[in-house]
Amino acid sequence: MQIARTITELRDLLAAYKRPAFVPTMGNLHEGHIALVNQARTLGDVTVASIFVNRLQFLPHEDFDTYPRTWTSDCAQLTAAGCDVLFAPHENELYPEPQTYKVHPPAELADILEGHFRPGFFIGVSTVVMKLFACVQPRIAVFGKKDYQQLMIIRRMVQQFAMPIDIVGGETNRAPDGLALSSRNGYLSPAELEEAVHLSRALKVMAATLKTGDKDIASIEAQGMDTLTQRGWKPDYMVIRRRTDLLPPTESEPLVAVGAATLGTTRLIDNLEF
Ligand code: PAF
């Protein structure tokens, strides 16, 4: 695997390729990221990953400074997965001056759910992804479905700006008990790690309840919140939304149950399409 630290090095390495397939990450890689890299390998003529912990998408009280930087293990995993090029710019390469031009995704998509609890998060994400796309110039980019709203916002951004990039969603990788793999699982104590699966279980129960005929979505969502609260979590939201735009459902249509909740001091998110 070749490593580019600058945009010029990256462009030199990719100059000969026509269909770069790209997986952007913030590092601290796990099997979920590697599954996205494997997916990317089947789609392009060169596989590119990036590692960049993007300050713009962290709120002041969030974990930017302590976000795990696991360079050696990340490189070993990407090399083993057959990633061809890793773009790992220093902060002053990607943001040599304050990033005053920003991408503001529409409020109806970006200020709900994650965006409501993490104001400005999707401005930070969209801005860095736009910039990474400008650097890598991929034809394909793979994003995990675990960050469901992020995937939807990036897909819309690419569509609205007519960017020639296919956005592909990668299925969520799960531990054998059903816990969605996440870089932030590393913050959990052994006891919390055992408990953490209850977020996905509560989402499953919500989906199953709706499917078995109970049409009272508000009470199903309240039940999802209660289940987690009673187990000691602090849930931010447990909701059922339509897959197309994450708005409340109006009729029979493809749905997704999405949730975010804090266990101890670790905030986890998950979702389930049904
Ligand atoms: O999902 C992530 O890891 C980040 O939000 C991304 C897409 C790499 C942008 O920093």
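Ligands are counted one by one from 1 in listed order, and the atoms in each one are counted from 1 as well.
- The protein atom (non-hydrogen) at minimum distance from atom 2 (C) of ligand 1 is Gln150 NE2, 3.9 Å.
- Between Gln223 and Ser219, the side chains place no donor N or O within less than 3.5 Å of an acceptor N or O (distance only, hydrogens not considered).
- Proximity of a side-chain donor or acceptor of Glu31 to a complementary backbone N or O of Leu181 within less than 3.5 Å is not detected.
- Of the charged side-chain nitrogens involved, none lies within less than 4.0 Å of a carboxylate oxygen, so that Glu93 and Arg5 do not count as a salt-bridged pair.
- The contact set between ligand 1 and Val128, taken as ligand atoms under 4.0 Å from a residue heavy atom, comprises 9 (C), 10 (O).
- Tyr95 and Asn54 form a side-chain donor-acceptor contact under 3.5 Å, judged by distance and modelled atom types alone.
- Between Thr25 and ligand 1, not a single N/O pair is under 3.5 Å apart.
- Distances between N or O atoms of Asn54 and those of ligand 1 include no value under 3.5 Å.
- Side-chain polar atoms of Glu273 and Tyr148 form a donor-acceptor pair below 3.5 angstrom.
- Distance from atom 9 (C) of ligand 1 to its nearest protein heavy atom, with residue and atom name: Gln57 OE1, 3.4 Å.
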